[in-house]
Structures are given as C-alpha cells and as structure tokens.
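Comments concern the structure below.
All chains are named by letter (A, B, ...) in the order of the sequence lines, taking the proteins before the strands, and each is independently numbered beginning at 1. As a basis for the values below, the full set of heavy atoms in this structure was taken, side chains included, without hydrogen atoms, waters or symmetry mates.
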2 protein chains.
Amino acid sequence: MSKSNNVYKDAYNRCLRLLDETKSLPSEPELGTLLGVSRTTVRSILARMEETGLIAWNKRSKTVLRTPRPDDFFPEEETDTLAEIIERSFMRRLLAGGAEAGMQINELELAREIGVGTTSVREFLIRFSRFGLIEKRRNSHWVLKGFTRAFALELTEIREMFELRSAAAFAALPEESPVWADLDRLEDEHRLLAREIASRFNEFSELDERFHRLIHRASHNRFIVDFYDVIAMIFHYHYQWNKAQERERNEVAVAEHLVYIAALKSRDLGKVDAACRKHLKSARNTLLTSIPEAGSRNVPDARRA
Amino acid sequence: MSKSNNVYKDAYNRCLRLLDETKSLPSEPELGTLLGVSRTTVRSILARMEETGLIAWNKRSKTVLRTPRPDDFFPEEETDTLAEIIERSFMRRLLAGGAEAGMQINELELAREIGVGTTSVREFLIRFSRFGLIEKRRNSHWVLKGFTRAFALELTEIREMFELRSAAAFAALPEESPVWADLDRLEDEHRLLAREIASRFNEFSELDERFHRLIHRASHNRFIVDFYDVIAMIFHYHYQWNKAQERERNEVAVAEHLVYIAALKSRDLGKVDAACRKHLKSARNTLLTSIPEAGSRNVPDARRA
DNA sequence: AAAATGTTTTTTCACGATAAAAGACATTAT
DNA sequence: ATAATGTCTTTTATCGTGAAAAAACATTTT
C-alpha cells in the first residue's frame with residue numbers, strides 16, 4: 001500500500017458532480033484545470049466513467065449515458081489526504097484531554113496507531129511545528145507544549161498586531177482596488193447569515209475565515225498572510241470542540257463583522273481601529289473561555305502521548 | 001549508508017577538547033549531559049578513546065594516558081548534520097545567482113545532486129518553507145519565491161514590529177530580572193569588540209544574534225521568539241555573501257547597539273523606541289543594498305533550479 | 001497551426017527496512 | 001540507598017523502492 005489514489009478518487013467524485021450539473025464533459029486538459037489535477041488523472045477518471053457506463057468515450061467525443069447514482073461515488077473517507085488523516089487523528093488526541101504540556105510525542109507510536117508510515121507522521125509533525133504547539137528535541141522525541149492559556153494569549157497578541165495593521169492597510173486601499181467588491185460581497189453574505197442565524201449559525205466559521213483572510217491579504221506581507229494559517233487551524237478545531245453558546249457567539253461575531261466592514265468602508269482609521277479591536281477582543285475571550293485552567297483537568301497519566 | 005554517525009563524531013571531537021582542558025573525564029551520565037548526547041554515544045566515544053590509547057578505561061576508572069593530537073579528531077565535515085549539509089547546498093544554489101522567482105525546485109534532482117535520499121530533502125524543504133522563500137504546489141513541485149526586495153521588505157516589516165514591542169517589554173522588566181545582568185555582559189562584549197573592531201569585525205554577526213535574541217525573549221511570545229529564526233537565517237547567509245564594507249557596517253552597528261543598550265538601561269520608552277528604530281532602519285538598508293534589483297542580473301536560464 | 005489525444009518519462013508520495021542514537025531495565029560498586 | 005556501569009529494547013534518521021500523479025514528448029484531429 002505504497003500510495004493511496006485519493007487524488008484520483010476525490011477528483012472522480014468532483015467530476016461526477018460536474019457531470020450531474022452540466023450533462024457534458026470538456027476536453028481532457030480543460031477538465032484537468034477544472035479539477036486541479038493532471039491529465040493523467042483525468043484520463044483515469046474518464047476510463048472508469050466509461051467502464052461504469054456513465055459515458056461513452058472515444059477520443060474527443062464524450063457522450064453522457066446516464067446521471068450519476070449515489071453508489072457511483074467513492075466513499076468520502078477514501079478521498080482524504082494522508083496529511084488530513086494524520087492531522088485529524090493527532091488533533092483528536094490533543095483535544096481529547098490527557099494531553100498535558102511536557103508530554104512526549106512518539107513518532108513510531110503515532111504512526112502505528114494511525115496505521116501509516118513513520119515518514120508521513122514525521123513530515124506532518126515538521127509542518128505542524130510552526131503552529132507553536134510542539135517542539136523537537138534534536139535526535140529525540142517531540143515535546144507537546146500544550147494548548148494552554150499562554151498559547152492562546154501569545155497567538156492572539158500576534159493576531160491583534162497583524163490584523164490592526166492589515167485593517168489599516170485595507171482602509172487605505174484605493175477606490176479602484178477589487179477588494180472593495182470582495183468586501184461588498186462578504187457584507188451581503190453577512191447580512192444574509194444574520195437574518196437566518198437561528199438555522200445557519202454553524203456556517204459562520206467558514207465566512208469568518210474568508211473575511212479575515214481578505215483583510216490580512218491587504219498587508220501584502222507573506223508572514224502576516226501565512227500567520228493566518230495558525231489562527232485558522234486553532235479556530236477550526238476550537239469551533240468543533242467548544243459548542244457552548246455557539247449560536248449566541250456567532251450572532252455577536254456577525255454583528256461585530258458588520259460594524260467592522262462599515263468602518264473599513266468609511267475609510268476612517270479611527271473607526272477601523274476601534275471596530276477591529278472590539279471584535280478581536282471578543283474573539284480572544286471566546287477562545288480563552290474554552291481553555292480550561294491548568295491543573296483543573298482529570299489527567300491520569302501525563303508522561304506519554 | 002543508512003545513517004551517518006555524525007552525532008558520535010561531533011561529540012567525540014568535543015570530548016577530545018574537554019579532555020585536553022580538564023585532563024580527566026567524569027562519569028558516563030555526567031559526560032552525556034555535558035556533551036548533550038545519550039549514554040550509548042558516550043560509551044562509543046570512550047570505547048574509541050581506549051582503542052586509540054587516549055585513556056585507560058575500566059568501569060569507573062578512566063585514566064588519561066596522553067593529550068589528544070590533531071589527527072585524533074574526526075574531520076570537521078564529517079560532524080555536520082544532514083540537515084546542515086542540505087541547507088548549505090541549497091542556499092549556495094539559491095545565492096549563486098540564476099535563482100529567479102518562479103523557478104521550480106525539484107526534490108529528486110536536489111537529492112541526487114547533494115547525494116542524499118529524497119526523504120531528507122523533502123523534510124528540509126518543509127522546514128525551510130516557513131522562511132517564506134519557497135512554496136509547495138500540492139502533489140507537485142516547490143516554487144521558489146526568490147530572495148527579492150519584496151521579501152526583504154516584508155521580513156523587516158515584521159522584524160520592526162516585533163522588536164519594537166519586545167524592546168518596550170524589555171525596558172519594562174523589573175530590576176531583579178536576570179536579563180539586566182545578561183545585558184550588562186553583552187554591553188561589555190560590545191565595548192570590547194568596539195575597541196578591537198579593526199581586527200575582530202567578523203565576530204559581530206554572532207554577537208548581533210545573541211543581542212537581538214535576548215531582546216526578543218522579553219516578549220514572552222513564542223511566535224516572536226521563533227520569528228527570529230527567519231531573521232537569523234537570512235542574516236547568516238547575507239553576512240557570508242555581502243562582504244562589501246563589512247568593517248564599516250559592523251562598526252556602525254556596534255555603536256548603534258551601544259546606544260540601544262543605554263536606552264534600555266535608562267528604561268525611557270521614548271529613547272528605547274528611537275534607538276531601536278534607528279538601528280533597525282540601518283539594518284534594513286544594509287540588507288536592501290545587498291539585493292540586486294530584479295532584471296539586473298545575468299540569468300542564463302530561469303526555468304529550472 | 002492550434003489544440004486535442006496517445007504514449008513515455010519523471011517526479012512525488014508513502015512505505016518498509018536498517019544503522020545510529022536514545023532510552024529503559026538490570027546489575028554492580030561505593 | 002544512591003549512583004554508577006552493563007545489557008537490552010525502542011525510537012529516530014535515512015535510504016531504496018514502487019505505485020500514484022504529474023509532466024514531457026509524440027501523434028493525430030479539427
């Protein structure tokens with residue numbers, strides 16, 4: 001089992017959806033760009049579609065024979081990247097409790113438990129290390145620094161620094177910049193969500209990320225833009241984990257975003273600063289309340305991950 | 001050739017130096033902590049020292065028989081980590097010219113050229129990616145973003161943000177904090193270096209790093225502290241590369257550091273801010289002048305790394 | 001001749017294997 | 001009883017290998 005063909009399977013599923021919508025298929029290179037895969041993969045997809053009787057395929061003629069059925073799709077779990085699988089497993093262990101600061105992380109054990117090779121785990125840990133939650137001891141194990149209050153405070157300190165600067169840069173952008181149209185669209189989405197917040201509150205996290213990324217991009221600084229990956233990761237798992245008052249929290253956040261957007265559109269730096277500060281402060285508090293104080297948890301054995 | 005024993009060789013060399021200084025050897029565990037290696041490695045070292053007639057070794061009695069000769073040492077190049085070897089090779093290619101933005105980086109080619117496995121190269125590239133100079137295309141190659149003017153500006157923007165904040169935090173540290181003693185020591189080293197700048201100017205870069213790391217540590221923020229790795233890396237290679245007016249530049253920098261140190265000791269936030277700004281500005285200019293403008297270089301083929 | 005398809009080569013991704021190094025356990029010396 | 005040494009086990013670092021996927025090259029179609 002040297003490499004899973006999840007790229008193919010995922011692209012295949014997406015191609016089925018495309019087929020369902022458009023009832024036709026473009027040329028191989030075009031399909032490749034559309035799906036974000038190479039022509040090699042496209043041809044594998046087409047080959048299977050022919051096999052399963054979805055299309056008739058002869059050179060450039062691709063005739064749709066029938067609409068895709070649910071059982072045509074590959075199971076969702078087979079379309080995940082190894083990196084995603086490892087990340088999920090790792091984060092589950094991290095957040096499941098019993099994961100205290102100072103604990104050792106064992107590559108081999110992790111790999112065995114997840115059922116993957118050590119190389120993939122190693123590479124994941126190296127990538128993950130930039131989030132500041134783990135640290136490597138040379139020629140030895142990784143050490144978990146813990147998802148602590150200190151971590152949250154350090155993270156939000158940088159976030160506030162970066163976002164205040166980005167927001168100011170955003171407000172200073174010229175009228176012609178396309179970001180204003182992007183902002184308008186996001187504003188509309190916010191208004192829509194605000195109206196239907198009761199039923200759609202769980203869609204906020206995705207909107208939140210898009211909004212903040214738009215602002216950070218105005219900094220034109222790769223380190224600021226990249227840092228949002230850290231924030232996004234933390235908030236992603238935080239949302240999944242802390243469901244207390246989710247609706248209320250998101251309702252408040254949407255309202256704060258709207259004020260923030262209005263401030264940006266006013267180009268009034270004072271207003272921008274105030275709206276940004278206010279929103280980031282409540283975001284920080286939300287994060288902080290979900291982190292238990294050190295020592296208050298039930299920890300049977302803190303030596304091993 | 002599955003794993004080189006550079007840890008052993010490096011520790012062995014350091015142990016020889018220790019032997020030369022102290023004319024004696026402590027217990028195995030103690031030696032392990034001293035050298036920063038495990039007892040397993042310590043025992044290999046002792047075994048070889050016995051073999052080569054440096055010591056007589058019987059259980060806890062370790063008698064020094066002779067002083068180490070130059071040929072007792074392992075060659076320096078055999079003590080490097082694979083990661084160091086790869087980094088050097090990679091940076092040489094990067095700075096040797098012909099490394100233009102947009103160029104593709106080929107793991108296999110790099111590995112072959114350096115003479116190492118692909119895994120090590122992959123891991124290096126993943127670690128290196130946090131410096132913001134390269135970027136991964138999913139399931140495909142890495143892209144070189146280039147050591148450009150834009151990069152230098154983005155880097156220094158963050159540096160200035162972080163250092164101003166750290167310096168302010170530093171100045172606010174209580175009298176009892178041990179950092180003041182560290183600062184005093186660094187000040188002395190600066191004065192000493194200033195006096196002998198003509199002959200020792202090349203020692204500045206190491207002192208520079210220690211000084212700035214001390215300041216950044218006052219932020220008590222892992223993201224700020226970690227970011228200094230990016231700066232250190234860039235300046236490390238920059239120093240090796242741009243030797244123009246090195247003495248003058250370093251002389252100026254030492255003087256600026258002394259003003260900066262005085263400002264910190266005064267605890268006057270206004271002075272700290274001014275001294276920090278001034279120094280960072282000249283550091284930025286030094287960096288910028290060493291980056292050639294885009295298009296002004298002799299680039300035979302920019303498609304491949 | 002431009003863009004598609006067909007074919008071949010190269011590169012990436014992930015694994016298992018193995019030596020180096022760390023770590024754990026057992027035994028002996030002070 | 002504490003701390004060392006002696007021995008054994010586990011983990012990390014690195015490689016070579018092979019399938020998946022990308023990319024390059026050749027050929028055909030419009």
Side-chain angles (χ1 to χ4, degrees), chain A residues 1-11 26-32 35-47 57-62 81-83 85-86 104-112 115-126 136-142, chain B residues 1-11 26-32 35-47 57-62 81-83 85-86 104-112 115-126 136-142:
Chain A
M1 195 248 282
S2 107
K3 192 184 181 184
S4 92
N5 53 354
N6 65 79
V7 173
Y8 157 70
K9 286 178 176 172
D10 180 55
S27 75
E28 294 174 16
E30 213 171 318
L31 206 47
L35 298 170
V37 295
S38 73
R39 246 189 77 221
T40 309
T41 305
V42 167
R43 298 188 111 237
S44 312
I45 291 171
L46 291 173
W57 180 31
N58 185 275
K59 305 199 169 173
R60 43 197 88 189
S61 93
K62 304 180 196 77
T81 345
L82 237 206
I85 294 168
I86 297 174
Q104 291 183 14
I105 296 164
N106 187 319
E107 290 175 4
L108 201 62
E109 193 184 311
L110 252 180
R112 270 194 302 246
V116 298
T118 48
T119 315
S120 315
V121 170
R122 278 174 69 79
E123 287 180 7
F124 164 76
L125 290 171
I126 296 170
K136 176 94 182 133
R137 292 286 136 84
R138 263 287 214 90
N139 280 308
S140 180
H141 54 262
W142 291 83
Chain B
M1 196 250 283
S2 119
K3 193 185 180 183
S4 90
N5 53 355
N6 65 79
V7 173
Y8 156 71
K9 286 179 176 171
D10 180 55
S27 74
E28 293 174 16
E30 214 171 319
L31 205 48
L35 298 170
V37 295
S38 73
R39 247 189 76 220
T40 309
T41 305
V42 168
R43 298 189 110 236
S44 312
I45 292 171
L46 291 172
W57 180 32
N58 185 273
K59 307 202 169 172
R60 41 198 89 189
S61 93
K62 305 180 195 77
T81 351
L82 236 206
I85 294 168
I86 297 174
Q104 291 184 13
I105 296 164
N106 186 319
E107 289 176 5
L108 201 62
E109 192 183 314
L110 254 180
R112 269 195 302 248
V116 298
T118 48
T119 316
S120 314
V121 170
R122 279 173 69 78
E123 287 182 6
F124 165 75
L125 291 171
I126 295 169
K136 175 93 186 139
R137 292 284 135 85
R138 265 280 220 96
N139 281 309
S140 181
H141 53 261
W142 290 83

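Close to C:dC13, at under 4.0 Å from its OP1 or OP2, lies a side-chain N or O of B:K136. Distances shorter than 4.0 Å separate none of the side-chain N or O atoms of A:T119 from OP1 or OP2 on D:dT14. Put simply, A:S120 has a side-chain N or O that comes within less than 4.0 Å of OP1 or OP2 on C:dC15. Taking only side-chain nitrogens and oxygens, A:N106 comes nearer than 4.0 Å to OP1 or OP2 of D:dT11. Close to C:dC13, at under 4.0 Å from its OP1 or OP2, lies no side-chain N or O of A:N6. The side chain of B:N58 contributes no N or O atom lying less than 4.0 Å from OP1 or OP2 of D:dT5. Using a 4.0 Å cut-off, no side-chain N or O of A:R138 falls inside it from OP1 or OP2 of C:dA21. The phosphate of C:dA22 has OP1 or OP2 within less than 4.0 Å of a side-chain N or O from B:T41. Distances shown here put a side-chain N or O of B:S140 below 4.0 Å from the OP1 or OP2 atom of D:dA23. For the OP1/OP2 pair of D:dA22 and a distance below 4.0 Å, the side-chain nitrogens and oxygens of A:K3 include no atom meeting the criterion.
In this structure, CD of B:E123 is placed 8 Å from C1' of D:dT14, rounded to the nearest angstrom. Regarding B:L110, its CG atom lies at a distance of 18 Å from the P atom of C:dT10, rounded to whole Å. Rounding to whole angstrom units, CD of residue A:E28 and C1' of D:dA23 are separated by 14 Å. Note: NE2 (A:H141) to P (C:dA20) measures 22 Å, nearest angstrom. Distance B:F124 CZ to D:dT14 C1': 16 Å, rounded to the nearest Å. In this structure, B:R43 atom CZ and D:dA4 atom P are separated by 13 Å, rounded to whole Å. Between the CH2 atom of A:W142 and the P atom of C:dA22 there is a distance of 17 Å, rounded to whole Å. Put simply, CG on B:N5 is 12 Å from C1' on D:dA13, counting in whole angstrom units.
Residues A:N106 and A:L110 form no side-chain contact, since every pair of their non-hydrogen atoms from C-beta on lies 4.5 Å or further apart. Side-chain contact between A:T81 and B:R138: present, with at least one pair of heavy atoms (C-beta onward) separated by less than 4.5 Å.
Atom OG1 of A:T119 and atom CD of B:E123 lie 7.5 Å apart (nearest 0.5 Å). Atom CG of residue A:L35 and atom CD of residue A:E30 lie 11.0 Å apart, to the nearest 0.5 angstrom.
By the side chain to side chain donor-acceptor pair (under 3.5 Å) test, B:W142 pairs with B:E107, sequence neighbours left out. Taking B:N5 as the reference, nothing meets the side chain to side chain donor-acceptor pair (under 3.5 Å) condition, with sequence neighbours excluded. Under the side chain to side chain donor-acceptor pair (under 3.5 Å) criterion, A:K9 pairs with A:E78, sequence neighbours left out. With sequence neighbours excluded, the residues forming a side chain to side chain contact (heavy atoms under 4.5 Å, CB included) with A:R39 are A:E28, A:P29, A:R43, listed by chain and number.
Sequence order on DNA chain D of the closest nucleotides to B:S61 and A:R122 puts B:S61 first from the 5' end. Both B:L108 and A:T118 lie near DNA chain C, and the one whose nearest nucleotide falls closer to the 5' end is B:L108. Nearer to the 5' terminus of DNA chain C, by closest-nucleotide assignment, is the contact made by B:R112 (compared with the other of B:R112 and B:T40).
Evaluation of atom-type donor-acceptor distances gives no pair under 3.5 Å for the side chain of A:S38 against the base of D:dA23. For C:dG16, its base never sits under 3.5 Å from the side chain of A:S2 at any donor and acceptor pair. Residue B:S27 places no side-chain atom within donor-acceptor reach of the base of D:dA4, judged by atom type and a 3.5 Å distance cut-off alone.
Across every non-hydrogen atom of B:V121 and B:I86, the tightest pair is N-CD1, 4.1 Å. For A:S4 against A:N6, the heavy-atom pair with the smallest separation is OG-ND2, 2.8 Å.
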For nucleotides 26-30 of chain C, give me every protein contact, N/O to N/O, under 3.5 Å, one pair per line with atom names.
none

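Note on the helix from C:dA1-D:dT30 to C:dT30-D:dA1: angle between the axes of the first and last five pairs equals 30°, rounded to 10 degrees.
Within the 4.0 angstrom heavy-atom criterion, no nucleotide atom of any strand lies near B:R137. Using a 4.0 Å heavy-atom criterion, one finds that B:K9 contacts no nucleic acid atom at all.
Applying side chain to side chain contact (heavy atoms under 4.5 Å, CB included) to A:L31 and the options A:V42, A:T41, A:V37 leaves one that passes, A:V42.
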